[in-house]
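Remember, it's a predicted structure, so these values are computed and weren't measured experimentally. When a ligand or atom number is given, it counts from 1 through the structure's own listing order.
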Amino acid sequence: MNPTSAVDNHTRSFHLRVFGCQMNVYDGELMRSSFARRGWAEQEDPAQASLHVFHTCSVREQAEERVHGLLGELRRVKKADPSTVIAVVGCMADREGQELFAREPHVDIVCGSRHFPRLPDMVERVIGGEQRICELGEAAEPVDEERRDLLARPASYQAHVAVMRGCDLNCTYCIVPSVRGRVESRPPSAIVEEVRGLVEQGVTEVHLLGQTIDAYGRDLDRGDRPSLAGLLDALEEVEGLARIRMVTLHPSYIDRELAEAMARSSKFMRFLPVPIQSGSDSMLKRMKRGYNMKLYRQRIGLLREVMPDLELISDWIVGFPGETDEEFEASERAMEEIAFLQSYVFQYSPRPGTVAHDIQDDIPMQQKARRNHRLLELQRKIAKERTPTHVGQQDLVLLERESEKNPGQWFGRTRRGHYALVPEFPEARPGLEVPVDLVAYTGRELQAAHRLSSQELADLADKSPALIPAAKTPVLSFGV
Ligand code: SAH
Ligand code: SF4
Ligand code: F3S
C-alpha cells in the first residue's frame, strides 16, 4: 500500500525557477536532486506547487526585478494558502539579505549561494512552524563536498560541473565577488569522479564552471596545489568523454602551462570564453579589470601560438559611466582585431555596493542600446567572415539534434564551436561525435559530409557512451 495520500503529494511538490549563469543552472540540478531524494516531486505548473524556489541572479538590475515581479504575484497565493513555502536562494539572497523580508514579507526563506545544500532542511523547519529563515555568507561545509546526485539531472549528453566557486577579483561594476564569496576550489579527485559518473550516464560533453576558472587551485596550499592544466590532463583519461568546455577564463590567470595543457588535450574544445569587457585601456582601468590591451593581446597570443585554430568568445559592457565615443570605438576595433567568434553584450547596470555604483550612471539608455546593437552587428559580420574559412577542412561534429529547418540533416557543433549540418544516418543521436569534411557554408552554418562509411559510423555509435535517461523525479513521496 502506498502510504502517501494525495494531499501529501500536493504538499510535497516544488516549482523551481532558475535565473542567471550556468553555475545557477548546475546548482538548480543539485537542488532538484536533493528535493527528489527526500520525496519531493517537481511540479512544472507553479499553481500546483506547495513550495516555490527562486534561484536568483544579481548581476544586473533587470534580473532582480523579474524575481520581485514574480514574488509579487505569489503574494495572493500565499494569502489564499498560508502553508505555501517561498524560498529565495542564491545571489539575490546574498545581496539583499534580511531586507528581502521587508520588501517581500511573504517570503519564508532567504538562502545564500553557499547554503543551498541545506535548503530542504530549512523547508522542513518552515513546515514545522519556524518563520523567516535567513542563512547567508560563507558556510561551514564546502558546497560541493558531496558526490553529485544524478537523480534529477535532465537526460542530456551535456553536463555542467563546478570546479570552483566565488571570485577573488574586484571589477568595479561587478556584484559577483560580494555575493558569491571568495574562491573555493574543489579537489580534482571529486571533479574527475563526478565526470566519470556523468559519462556512465551517457554524457559526452562537460562544461567545467568557475567565475575565473583559470584561477582554479590558487586558493589551496602551495604544496600539492592542483591546477586547471593538471585537471585537463586527468580528464584526458576519462574514456568516452568527447569534449571539455570551460566557462569562464580571466586573462590575468592564463599562463603557458595552461595553454599547453589545452593544446595537448584531445577533448578540450577549441572554443573558449575569455571576456575582454572593453577594448579601451582607460575603460579597463576604470573597470579595474587588472589588464590592459597589451596584456590581453599577449595572453591571447600565447593561446593562439599553441592552438592556431582557437576560437574565442567574449563578454562586453557598453555604457559604463563616462564611456566616450572614442572608448566605445576602441571596443569595436578590439572586436575586429581579436576576431571573436561569439559575443555577449551587456548594457551597464549599476549595482548597489559596487565601486562603480558611486559614479554617476551618465550614459543615456538609448545610447547604451545603440552601442549594444552596433557591437552585436559587428560580431555577426565577423562570425560570417570567419566561419566559411573552415570550408575544405576536416573536423569533428558533435551531434545535438535533428535539424528542423533542414530535414535529413543533424545539427551540431565543430570542435571550434561552429554550427554545422551533418547528413542523417541510422545511428545518429545527440552527443555522438563524428568525423567529417566541411564542404560548404550555407550562410548560417557549415555543411558537413561524412568521412566514415555507413559501417564505420555504426561501429563508432556502438563504441560511444549511450544516453541513459536519468530517473524521473518521483511523483509520490516515500517520506522524509
Ligand atoms: N567572471 C566573468 C563574468 C561573470 S558576470 C568574467 O570576469 O568575465 C557575466 C558578465 O556580466 C560579465 O562578463 C559582464 O560582461 C556582465 N556584467 C557584470 N556586471 C555587470 C553590470 N553591473 N552591468 C552590466 N553587465 C555586467
Ligand atoms: Fe565579476 Fe570581475 Fe570576478 Fe568576473 S572577474 S566575476 S567580472 S569581479
Ligand atoms: Fe548572476 Fe550570481 Fe551568476 S550574480 S551571473 S547568478 S554568480
Side-chain angles (χ1 to χ4, degrees), residues 17-28 54-64 66-67 88-96 111-114 116 143 160 162-184 209-216 218 246-254 272-279 283-284 286-291 296 299 312-321 323 331 340 342-359 361 363 365 368-369 371-372 375-376:
R17 296 174 178 89
V18 178
F19 301 82
C21 59
Q22 282 157 300
M23 192 69 91
N24 271 17
V25 175
Y26 173 78
D27 290 346
F54 291 83
H55 196 19
T56 60
C57 173
S58 286
V59 83
R60 283 168 292 275
E61 191 183 357
Q62 225 182 357
E64 291 192 343
R66 271 212 61 211
V67 171
V88 177
V89 187
C91 295
M92 240 174 107
D94 277 303
R95 199 185 76 72
E96 297 192 22
C111 169
S113 301
R114 304 241 171 163
F116 73 82
V143 175
H160 298 127
V163 308
M164 49 104 79
R165 305 232 167 216
C167 175
D168 286 346
L169 299 180
N170 271 308
C171 304
T172 53
Y173 52 82
C174 185
I175 196 72
V176 171
S178 69
V179 289
R180 283 274 171 168
R182 296 191 63 77
V183 168
E184 191 179 79
L209 306 180
Q211 285 295 349
T212 53
I213 196 170
D214 39 349
Y216 174 71
R218 290 177 193 233
M246 289 184 207
V247 189
T248 290
L249 274 77
H250 190 283
S252 299
Y253 301 110
I254 294 171
L272 190 65
V274 190
I276 189 170
Q277 311 295 354
S278 167
M283 284 295 292
L284 290 170
R286 299 212 296 283
M287 291 176 168
K288 216 164 155 226
R289 283 290 289 174
Y291 54 86
Y296 189 85
R299 297 291 151 93
L312 293 167
I313 310 166
S314 186
D315 290 355
W316 305 81
I317 295 178
V318 293
F320 184 82
E323 187 188 46
S331 288
F340 295 97
Q342 193 175 310
S343 281
Y344 298 94
V345 182
F346 303 104
Q347 299 176 29
Y348 171 69
S349 165
R351 306 285 51 226
T354 60
V355 172
H357 187 256
D358 294 338
I359 316 169
D361 179 23
I363 308 296
M365 254 166 59
K368 286 182 186 171
R371 288 178 179 171
N372 187 343
L375 268 188
L376 282 181

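Contact analysis leaves M92 out of contact with ligand 3, as no non-hydrogen atom separation drops below 4.0 angstrom. Close to ligand 2: R289, with a non-hydrogen atom less than 4.0 angstrom away.
Note: F340 and W316 have perpendicular aromatic rings, judged against thresholds of 30 and 60 degrees for the angle between ring planes.
For atom 1 (Fe) of ligand 3, the nearest non-hydrogen atom of the protein is C57 SG, 2.4 Å. Nearest non-hydrogen protein atom to atom 7 (S) of ligand 2 is Y173 OH, 3.3 Å. Distance from atom 10 (C) of ligand 1 to its nearest protein heavy atom, with residue and atom name: D315 OD2, 3.4 Å. The protein atom (non-hydrogen) at minimum distance from atom 1 (Fe) of ligand 2 is C174 SG, 2.3 Å. Annotation: atom 16 (C) of ligand 1 to nearest protein heavy atom, R60 NH1, 3.4 Å. Of the protein's heavy atoms, Q347 O, 3.4 Å lies nearest to atom 24 (C) of ligand 1. Looking from atom 3 (C) of ligand 1 to the surrounding protein, the closest heavy atom is Q211 OE1, 3.9 Å. Scanning the protein heavy atoms around atom 19 (N) of ligand 1, the nearest turns out to be Y173 CD1, 3.2 Å. Of the protein's heavy atoms, V59 CG2, 4.0 Å lies nearest to atom 5 (S) of ligand 1. Remark: minimum distance from atom 7 (O) of ligand 1 to any protein heavy atom is reached at R289 NH1, 3.1 Å.
With a heavy-atom cut-off of 4.0 Å, C171 touches ligand 2 through backbone and side chain alike. Neither the backbone nor the side chain of M23 comes within 4.0 Å of ligand 3, counting heavy atoms alone.
At a cut-off of 3.5 Å, with distance as the only test, a side-chain donor of Y173 or R289 sits close to an acceptor on the other residue.
Residue contact annotation: C91 places an N/O/S atom under 2.8 Å from atom 2 (Fe) of ligand 3. Under 2.8 Å from atom 3 (Fe) of ligand 2 lies an N/O/S atom of C167, whether from backbone or side chain.
A cation-pi arrangement, defined by a distance under 6.0 Å to the six-membered ring centre and an angle within 45 degrees of its axis, is present between R60 and F346.
Heavy-atom proximity to Q277, at under 4.0 Å, picks out these atoms of ligand 1: 8 (O), 12 (C), 13 (O), 14 (C), 15 (O). Taking every non-hydrogen atom of R351 and a distance limit under 4.0 Å, the qualifying atoms of ligand 1 come out as 22 (N). Residue T212 has at least one heavy-atom neighbour below 4.0 Å for each of these atoms of ligand 2: 5 (S).
For the atom pair CE (M164) and CG (D214), the distance works out to 8.0 Å, reported to the nearest 0.5 Å.
Surrounding CZ of R218 are more than 12 heavy atoms belonging to other residues, nucleotides or ligands, all under 6.0 Å away. Counting non-hydrogen atoms of other residues, nucleotides and ligands closer than 6.0 Å to CD of Q22 gives a total above 12.
For atom 21 (C) of ligand 1, the nearest non-hydrogen atom from the set S58, G319, C21, S349 belongs to S349. When the heavy atoms of G290, P275, C171 are ranked by distance to atom 8 (O) of ligand 1, first place goes to P275.
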